[in-house]
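Here the structure comes first, spelled out in structure tokens, and everything after it is commentary.
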Amino acid sequence: MIDIFTTQVSFLIFEAVFCFLSALVYSVSKDSLRVRKAIVLALNISCGIMLICEYLFYVYLGSINPVDVVIMHVVNAAVYYLIVILLLLYAMLVAVRLFGRFDLKKDMPCRKRFIAVFVMVAAGLLLVTVSQFNGIYYYFDENNIYQRGPLFWLASGIPILGAFVVTSIILQFRDRISLSQQLVLISYLVLPLAGGIFQLVFYGNSLMNICVGLSVLLMFFENVIHKEQEVIKASKTEFRTGLANEHGYIEWLNAMKGKQEIMDYAVVFFDLRKFSDVNRKYGIENGNRVLAAFGNMMLGKIEKDEILGRQFGDQFVAIVRKANLDRLLQVLKEVEIPFHDIIRDRKEKVKISSRAGVYMIDRMDLEGEDILIYAGQALINAKSRKNEDVVWLTQEILDAMAERKKLESEISTGLKTGEFRAFYQPKVNIKNGRLCGAEALSRWYHDGGIRMPGSYIPIMESTDMIRKLDFCILKDVCEDISRWIKAGIDVPLISVNLSRRNLIDTDLAKHVDSVVSASGIPKDLIEIEITESSDEFSIGVLSSFVDSLHELGYKVSIDDFGSAGSSLALLREVPFDTLKIDKGFVDLVKSKDLSILTHIINLSAEIKVGIVAEGVEEEEQVRILDHLGVEVIQGYYYDKPLSKEDMITRLRSPKYDK
Ligand code: C2E
Ligand code: CA
Ligand code: CA
């Protein structure tokens, strides 16, 4: 008959030796993922120690020699501590396996569940410690025989519960790993659980820990086998959907560079229409699930020698054979994606349609990045054409890209050579018909003509050039004012536009001040105009910028108020001096819908903010605005933006006849 005691003791030693040996072999091998190497090593060594301790426990069990008693207490406590630590290491290994990382940053997938495991580990360690004093887990009787305490079940219950939580993560993201990997990882729950049930019945056996050892060894072997392939795959995979990431498909394209075969392919850059609606309706977490389900469904539509990837957000890239392109585009028109709504716990379906830019690869010499830029550009064009779902990259688009690049470089040169200069549009006080201020507006002296902001501001706004422009105009304005003062002209408040992009500069107010101070003009002649925004983050940033400007002695006005679904709250939160009512609102004056305007004007009077009405073109508008209590007007009705020479003339005769 088999002697159970000898069998399990042999198993303990055998497994422990194996754990140490594998740790030794592994420590001298290479693993491109260092964290993983550390975790696997720690897992093997801890498990080895745990098994040896368990073995020693049997050796000394029942001995009443004082030294033996101490050893037994120590090794037994070590077993209990290590079982908890193994749970932590197991969770870390799974995280690294599935997501290539282990941390608890906000974007860590399944963060809450990993935190729960952390908490269990902490509680487990605490309970083992407490048990040393009051025997809630176990104690030794007068014969030095081990006895279960009242909460002994928690000692295995916590690690098993933890393993349950980790297993739920494995099952949710099972698509990322092979079946054998899944089974091996899940064995950490299944084997000890089975062993534990056995142990409940056959008290006094160590089957559970033997099973833990077995599972750790399985994980070790599996890890050695899959190590390399997996790291390579992870670096090319987008973690949420399991599709290729940008690195993955650019490398795919680069591997094909120079081969005739690449010209059989087309690149489709697509994004999902109105995906923000899905996020809004079902929540971000469900939105992510829909994206993953969509990616999965699309994977089924492409062939083995094609590739599908996710760029970011709801943007995807598919590289498919030209022969299969129509079929793919057909799917992109509209698909229905079933998913499980985890918030309401029910099955749902969403319809998803896409917009796509397509580049039919027609050259063998392009880098992967350039191919993507081409397809991406076609998508940008698709976005600007309302009724077209698919836009092919055409020569026209390529020309436009080249044209834009040229323009960008001309603008950049123009900034360096002083081609951008200020024009001034007067502001008039309607009570006395006198000029009371002006707004500086940039103009581009280029190719013998004067270009309007519409032709360069959007390009500048999409790069960092807008910041250079703003400071260049500010400097120009300061120099003009300085010259006017010297010429004995009475200079009113001049406002200068600052793009919101400047707000990323945390020392923006200081930078403004250094330009103005260097020119030596009085600071109270400069007002900064900045557009409104409704998002909370920037309200905070804006507010502290306005405070800093005030401290330095400048006035600040809020531009285009009313153009972007204005928040009146902004007015209360940010201490502006002036509010510029957008032309859109001023145009409404004629339609007799004055309710909102009246409200804004009353509010600004209440919080003592001045008002300027912009874009006023007709006498009737002036009359109504006057009636509503607006005093200052800027618009073609009085003056268009004036060149420096015309502005001097206007400054010298500031009274309007109208
Ligand atoms: P904005 O700051 O809202 O400037 C007012 C714009 O409305 C100016 O156009 C002005 O010429 C125009 N405008 C004024 N009165 C009337 C009117 O009665 N009727 C009509 N139809 N339009 C009127 P502009 O000069 O073409 O500037 C366009 C925009 O370009 C500006 O809008 C501003 O956002 C931007 N911009 C111009 N220069 C600069 C600059 O130096 N820095 C920054 N960041 N933006 C600038
Ligand atoms: Ca402005
Ligand atoms: Ca404006």
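For ligands, and for the atoms within them, numbers begin at 1 and follow the listed sequence. From a predicted model like this one, the values you see are computed outputs, not experimental measurements.
In terms of modelled atom types and a separation under 3.5 Å, the side chain of R650 and the main chain of S653 share a donor-acceptor contact. No side-chain donor-acceptor contact under 3.5 Å links N288 to the backbone of E285. Formation of a donor-acceptor pair under 3.5 Å by the D560 side chain with backbone atoms of T531 is not found in this model.
Looking at T531 against ligand 1, nothing comes within 4.0 Å, counting heavy atoms. Within the 4.0 Å heavy-atom criterion, neither part of D582 lies near ligand 1. Residue contacts with ligand 1, taken as heavy atom pairs separated by less than 4.0 Å, do not involve K640 at all.
A side-chain donor from one of D399 and Q395 sits under 3.5 Å from a side-chain acceptor of the other. Between the side chains of Y638 and Q425, no donor-acceptor pair is found at a separation under 3.5 Å. Residues N254 and E369 bring no donor and acceptor atom of their side chains to less than 3.5 Å of each other. Side-chain contact check for E573 and S543: no donor-acceptor pair (N or O, by modelled atom type) lies under 3.5 Å.
Regarding atom 3 (O) of ligand 1, its nearest protein heavy-atom neighbour is D560 OD1, 3.2 Å. Given atom 27 (O) of ligand 1, the protein heavy atom at minimum distance is P453 CG, 3.5 Å. Remark: minimum distance from atom 35 (C) of ligand 1 to any protein heavy atom is reached at I457 CD1, 4.0 Å. Residue, atom and distance of the protein heavy atom nearest to atom 40 (C) of ligand 1 are D470 OD1, 3.7 Å. Of all protein heavy atoms, the one lying nearest to atom 15 (N) of ligand 1 is Q425 NE2, 3.1 Å. Looking from atom 39 (C) of ligand 1 to the surrounding protein, the closest heavy atom is S442 OG, 3.5 Å.
Under the 4.0 Å criterion applied to side-chain N and carboxylate O atoms, D507 and K510 are assigned as salt-bridge partners.
The shell of residues lying under 4.0 angstrom from ligand 1, judged by heavy atoms, includes G615. Under a 4.0 Å heavy-atom criterion, K580 is not in contact with ligand 1.
Between E461 and ligand 1, no N or O atom pair is found at a separation short of 3.5 Å. For the pair Q634 and ligand 1, the shortest N or O to N or O distance does not fall below 3.5 Å. Backbone and side-chain nitrogen or oxygen atoms of E617 are examined, and one is located within less than 3.5 angstrom of a nitrogen or oxygen of ligand 1.
Taking 3.0 Å as the threshold, S495 does not count as a candidate ligand of the Ca ion (ligand 2), since none of its N, O or S atoms lies below it.
Counting only heavy atoms, the protein never gets under 4.0 Å from atom 7 (O) of ligand 1. Distance check on atom 19 (N) of ligand 1: some protein heavy atom falls below the 4.0 Å cut-off.
A cation-pi arrangement is not found for R289 relative to F339, the charged atom failing to lie both closer than 6.0 Å to the ring centre and inside a 45° cone about the ring normal.
Between P426 and M647 the shortest heavy-atom distance is CG-SD, 4.5 Å. Contact between A293 and I337 at its shortest, heavy atoms only, is CB-CG2, 3.6 Å.
Listed by number with element, the atoms of ligand 1 under 4.0 angstrom from any heavy atom of P641 are 11 (O).
Checking F420, Y636, F423 against atom 12 (C) of ligand 1, the nearest heavy atom belongs to Y636.
Protein N/O/S atoms found under 3.0 Å from the Ca ion (ligand 3): D559 OD1, D560 OD1, E614 OE1, E614 OE2.
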